[in-house]
Undergrad: 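Here you go, one structure.
Every number for a ligand or one of its atoms is a count from 1 in the order of the listing.
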Amino acid sequence: MIEYRSDTFTKPTAAMFEAMFKAEVGDDVFGEDPTVNRLEAMAADMFGMEASIFCPTGTMTNQIAIKCHTQPGDEVICDQVSHVYVYEGGGIAFNSGCSIQPVKGNRGQITAEQVIEFINPDDIHKPRTSLVSLENTANRGGGSCYNFAEIERIKDVCLEHNLALHLDGARLFNAIVAKGEKPTQYGKTFDSISICLSKGLGTPVGSVLIGKKDFIKKARRIRKVLGGGWRQAGYMAAAGVYALENNIDRLAEDHRHAAMLAEAVGKKDFTGTIFPVETNILIFEVKGRLTPITFTKKLSEQGIRVLNISKTQVRMVLHLDISEEMVQKTIEAIKAF
Ligand SMILES: *Cc1c(COP(=O)(O)O)cnc(C)c1O
C-alpha cells in the first residue's frame with residue numbers, strides 16, 4: 001500500500017521504536033517524566049522560547065492556546081479554511097466560548113490589511129477581538145507557505161491593537177525547510193506555536209505547544225481539564241525527541257517528491273487546476289473523463305491511496321514512509337490512465 005491520504009499515516013521506523021522502547025519514563029502529571037521534560041525543553045529551546053507542553057494532538061494544542069489567549073465572548077480572526085475553524089469540531093465555540101471572524105484569504109493565508117479590516121472597533125455591540133491565529137504551512141492551501149515579511153506585518157498589527165498571535169504550525173517544519181528559515185524567527189514573532197510531531201516528522205502521536213513560562217503554566221491546567229494529563233507519555237515523547245533530531249532535514253525529500261508527482265499529474269488531460277506545490281502537499285482538480293472518485297478508485301486498485309477533498313479535488317501528501325521508488329510507481333500508474 002502506498003499511502004498518500006495524509007502524512008499522519010506514518011509508522012515509527014525501527015530506530016524510532018528503539019528510542020521509544022528504551023525511554024526513561026515517570027508520571028508526567030507530577031512533572032516527573034524525564035523524557036517528556038527533555039522533549040519540552042528541546043522544543044522550547046529550538047524556537048528560543050521559554051517553555052512548552054507536550055499534548056496528544058494538534059487539535060488539543062491549538063484549542064488550549066486559544067483558550068489561554070481569550071475570554072468567553074471574544075472573537076478570533078483566522079482564515080476561513082484554517083484547521084482551527086473547519087477541522088476542530090467547533091472547538092473555538094465549545095472550549096473557549098468565542099466567536100470567529102473567518103477571513104477569505106489566499107490559499108489559507110491572510111494579510112495584515114485583512115487583519116486590520118476585521119478587528120472590531122471598541123463598541124459594546126461587537127465582540128472583543130483578542131486573537132489572530134495563522135496556519136503555516138496552510139493545509140487547505142495545499143501546503144502553502146507564508147512570506148515571513150507578511151507575518152511580521154501581522155505581528156505589528158497585533159502589537160498595535162493588543163491582540164495575541166498564535167501559530168498553528170502543524171507542518172511548520174515543512175515551511176522552515178522549504179523557505180530556509182529558522183525556528184527562532186517564529187519564536188520571536190508568535191505568542192504561541194503549535195507543532196505536530198505526528199505528521200511529516202513521523203511519530204505515532206503528539207504535538208507540542210510552545211510559549212512563555214506563564215502561558216505554558218496556564219496551558220498545563222487546561223490540558224488537565226481536557227483530560228490530557230497523560231502519565232508515562234515519555235514513550236511518545238521519546239519518538240518526538242528522535243523526530244526533532246533526525247527527521248527535519250529530510251522533509252526536503254518529500255517536497256521534491258510532491259513536485260515530481262505534480263509534474264506527472266500536470267501532463268494528463270483530466271487534470272484541472274493544480275495548486276502550486278511549495279511543500280509536501282499536492283492538491284489538484286480532476287475533471288472531464290475522470291472524476292476524483294473514479295481517479296481515486298483506479299489508483300486504489302493498484303494499492304495507491306489518495307484522498308478526495310472536495311467534489312472536484314484530490315489531495316496527495318508526501319511523508320517519510322513514501323520512497324522515491326513508490327513515487328516512481330505512482331507516476332507510472334498515472335501515466336497509464
Ligand atoms: C493535522 C493538523 C492539526 C492537528 O491535528 P490532530 O489530528 O489533532 O493532531 C492542526 N492543524 C493543521 C493545519 C493540521 O494539518
Undergrad: Which is it for M60 and ligand 1 at heavy atoms under 4.0 Å: side chain, backbone, both or neither?
TA: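 None of M60 does.
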Undergrad: Assess whether a salt bridge exists between R223 and D28, defined as any Lys/Arg side-chain N lying under 4.0 Å from an Asp/Glu carboxylate O.
TA: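 D28 and R223: salt-bridged.
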Undergrad: Thinking salt bridges, do E301 and K297 make one under a 4.0 Å N-O criterion?
TA: yes
Undergrad: Closer than 4.0 angstrom, basic N to acidic O: yes or no for E278 and R171?
TA: no
Undergrad: Geometry only, no angles: is E135 polar-contacting ligand 1 at N/O separations under 3.5 Å?
TA: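 No - when backbone and side-chain N and O of E135 are compared with those of ligand 1, no distance drops under 3.5 Å.
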Undergrad: Identify, by atom number and element, the atoms of ligand 1 in contact range of A170, meaning under 4.0 Å from any of its heavy atoms.
TA: 2 (C), 3 (C), 10 (C), 11 (N), 12 (C), 13 (C), 14 (C), 15 (O)
Undergrad: Any carboxylate oxygen within less than 4.0 angstrom of a Lys/Arg side-chain nitrogen, looking at K126 and D122?
TA: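 Looking at D122 together with K126, the answer is no, because their closest N to O distance does not fall below 4.0 Å.
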Undergrad: I'd like to check whether D168 has a polar contact with ligand 1, where a contact means an N/O of the residue lying under 3.5 Å from an N/O of the ligand.
TA: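 Right, the criterion is met.
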Undergrad: So does K11 pair up with E3, basic N to acidic O under 4.0 Å?
TA: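 Looking at E3 together with K11, the answer is no, because their closest N to O distance does not fall below 4.0 Å.
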Undergrad: With the side chain counted from C-beta on, respond yes when I248 and L201 share a heavy-atom pair under 4.5 Å apart, and no when they do not.
TA: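 Side chain of I248 against side chain of L201, heavy atoms only: contact under 4.5 Å found.
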Undergrad: May I ask you to identify the nearest protein heavy atom to atom 4 (C) of ligand 1, giving residue, atom name and distance to one decimal place in Å?
TA: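 Protein heavy atom at minimum distance: G58 CA, 3.4 Å.
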Undergrad: Nearest protein heavy-atom contact for atom 8 (O) of ligand 1: which residue, which atom, what distance?
TA: T59 OG1, 2.6 Å
Undergrad: Quick one: look up the protein heavy atom nearest atom 14 (C) of ligand 1 and list residue, atom name and how far away it is.
TA: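 Checking every protein heavy atom, the shortest distance to atom 14 (C) of ligand 1 gives K199 NZ, 2.8 Å.
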Undergrad: Could you see which bit of V84 sits under 4.0 Å from ligand 1, with heavy atoms only: side chain, backbone, both or neither?
TA: neither
